[in-house]
Protein chains: 2
Amino acid sequence: MTTAQGARARARQEVTAAIKEAARRQLAAEGAAKLSLRAVARELGMVSSALYRYFPSRDDLLTALIIDAYDSVGEAAERARDAVADAPPPARWIAVCEAVRDWALAHPHEYALIYGSPVPGYSAPETTVPAAARVGMVFIGIVRDAHEGPGLSGLSLPADLRPEGARMVADFAADVPPEAAVALVAAWAQLFGLIGFELFGQFNRVVEDRETFFRHAAGRLAEGVGLGRG
Amino acid sequence: MTTAQGARARARQEVTAAIKEAARRQLAAEGAAKLSLRAVARELGMVSSALYRYFPSRDDLLTALIIDAYDSVGEAAERARDAVADAPPPARWIAVCEAVRDWALAHPHEYALIYGSPVPGYSAPETTVPAAARVGMVFIGIVRDAHEGPGLSGLSLPADLRPEGARMVADFAADVPPEAAVALVAAWAQLFGLIGFELFGQFNRVVEDRETFFRHAAGRLAEGVGLGRG
DNA sequence: CAAAAAAGAGAGCACCGCTCTTGCTTCGGA
DNA sequence: TCCGAAGCAAGAGCGGTGCTCTCTTTTTTG
C-alpha cells in the first residue's frame, strides 16, 4: 500500500519527516511560541511557501508535533510499566508517575505543548484524542490489574455521587468499578498538576527536594486510587 | 505621596490604566498569544510607538496583566473564605476550591496566563511572586486554623521524608506541622491540575458531570490535608 | 507521448514587536 | 517670569511572521 510507491511518494514522506524533525528541534530549543514556519524552511534550505505543500498551516504542523509528543510520553510510561511489571501495584504506579515526570523534565516545551495552555487560538483536533489517551491507559491498566488481583482497598463513593459515577467516566474505564474510575481520573489530573507546578516554576521558593516530594505525593496518589500503601 | 501630583502624573496613571484595561479585554477575548500592542494602541486611538512610554515591551504589559490576574483569583478566594468563615474547615476548603474553579471557568485566558505554560520565552519576574502567593495563603490559613482548633487528623509523614519536611516548604508555612505543609503543597498543586484539565479540554470525553466531580475531588483533597471528611 | 498532477521558487500582502527621529506640551528651577 | 529639561505623541522604518498567488519545472499517469 504505502510502500513501493513511486519515488515521489517516498520523497514526500522524507521531506515531511525532515520538516517535523526540524520543527521539533525548534520547539525543544525555543518553545511553541517561537516555532516559525519560515525558520524551519530556512533550516531545510527551502522557501517558506514550499512548506505549505506539506502542512497547510502552522497549526497543522503544531498538531503533528502534539501527536508525536503524546506518543512520546505514552511510550515512556509504557516502558516504565513494562520495566516493573512484576512489582506490586503501588510500586508500579509510582514508577510510571516518575517516568512521566522524568519525561516532562526532559521535554519541557513538549510537555507545555500538550498539557499546558492551548497555544494558538486553541483547538485540539480530534486526531489527537487517541494519542492523548495512551498515557491514561497505562494508569488504567495498573488499577485494573490490581482490581482483578488482590483487589482495591479503601475506596468509597458518597451517595450523592453514586448515580454520577457511572456516566462520569467514559466507557474506556468500564472494567473498573465507578468509585475507582472517579478516583483514577482525579489522580490522573492531580499528577499533572504536580508535574506542571514543578515544571512551570510554581514550586520555586516552596519545594526544595522535589524528587522526594514527588515520590511521596505519587505514593499518596496511589493510595487514593485504592492501590494501598507502597 | 502619589496623590495631588501634577496633572500630568494623573494623566499618566489614567492612560496606563486604560492600556491595561484594553489589553485585558483583548486577553479575555483572544488569549495571550493574540494580544497585540498595536491592536491595543489602535483601540485607544494612539500610535503603537506611544505605548512604549508606558510599557517598555509587550512582555512587561503581560507581566502587569499576570499580577492583576493573580490578584483577581486571590481576591476571589478570599471572598469565598470570608463568606463561609463560620463553616467547619472541610466546608471552607471546598468553598475556596470551588471559588478558584469558578474564577478559572470565568476567566480561562487569565487562568492560562498564570497557571498554564509560560507564554513568551517564559520568565516569571520577581514582582509577580507576592501576588502569586495570595491564593496559597488562603489555603494555608484554613489548614492553620484547623490545626489550632480541633486539630488535624490522619496525617503522617514517612520516615525518609521526615528530614525533608521542614526544609521542603518555605517559611511561610512555618506555623503548620511539616506533614501538613507537605500535604498542603501537594493538594495545592493537585487542585490546579484538576482545574487545568477541565479548562483545557482534557476531560472532554471523560468527565460528564464536572461540577459534582470537582466537589468530590476537592473533598478528598481536604481529607488529604487532614481536615477530615466534609 | 501528451496531459495532468505535484513540487519548488519568488513576489507580495497584512500583520507583528520594536527603534529612532521629529516636533509639541508641560514642568521645574534660576 | 522665562527657559531649558523632561515627558509625550506621531511617523517612518527595520526585520520578522503566517499565508496566498502566480509561474516554472519535474514527475506521474492515462
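To find a chain, count down the sequence lines: A is the first, B the second, and so on, and within it residues start at 1.
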Measure the distance from [atom1] on [X] to [atom2] on [N] and round it to the nearest whole Å.
X: B/Arg38; N: C/dC18; atom1: CZ; atom2: C1'; answer: 8 Å
X: A/Lys34; N: C/dC16; atom1: NZ; atom2: C1'; answer: 14 Å
X: B/Leu62; N: C/dC16; atom1: CG; atom2: P; answer: 15 Å
X: A/Asp60; N: D/dG18; atom1: CG; atom2: P; answer: 13 Å
X: B/Arg42; N: D/dA10; atom1: CZ; atom2: C1'; answer: 16 Å
X: A/Leu51; N: C/dA9; atom1: CG; atom2: C1'; answer: 13 Å
X: A/Leu61; N: D/dT17; atom1: CG; atom2: C1'; answer: 15 Å
X: A/Glu14; N: C/dA7; atom1: CD; atom2: C1'; answer: 15 Å

Identify whether any heavy atom of [X] sits under 4.0 Å from a base atom; if not, whether one sits that close to sugar-phosphate; answer base, sugar-phosphate or nothing.
X: A/Leu35; result: sugar-phosphate
X: B/Phe55; result: nothing
X: B/Ser57; result: sugar-phosphate

Do A/Arg53 and C/dG8 have a side chain to base donor-acceptor pair shorter than 3.5 Å? yes
Distance criterion of 3.5 Å, no angle test: do you see the side chain of B/Arg12 paired donor-to-acceptor with the base of D/dG7?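 No.
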Looking at [X], does any N or O in its side chain come under 4.0 Å of the phosphate oxygens OP1/OP2 on [N]?
X: A/Arg58; N: D/dG18; answer: yes
X: B/Tyr54; N: D/dA9; answer: yes
X: B/Ser36; N: C/dG17; answer: yes

Of the nucleotides [options], which one has an atom closest to the side chain of [X]?
X: A/Ser48; options: D/dG11, D/dC19, C/dA9; value: D/dC19
X: B/Tyr52; options: C/dG17, D/dG11, D/dC21; value: C/dG17
X: A/Leu37; options: D/dC19, C/dC18, C/dA9; value: D/dC19

Determine whether a donor-acceptor pair (N or O, by modelled atom type, separation under 3.5 Å) exists between the side chain of [X] and the backbone of [Y].
X: A/Arg220; Y: B/Ala183; answer: no
X: B/Thr63; Y: B/Asp59; answer: yes
X: A/Thr128; Y: A/Ile67; answer: no

Taking NZ, NE, NH1 and NH2 as the nitrogens, is one of them in A/Arg24 or A/Glu110 under 4.0 Å from a carboxylate oxygen of the other?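 Result for this pair is no, no salt bridge flagged.
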Indicate whether any N or O donor in one side chain lies under 3.5 Å from an N or O acceptor in the other, for A/Asp60 and A/Ser57.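 Their side chains do contain a donor-acceptor pair, which is all the 3.5 Å distance test asks for.
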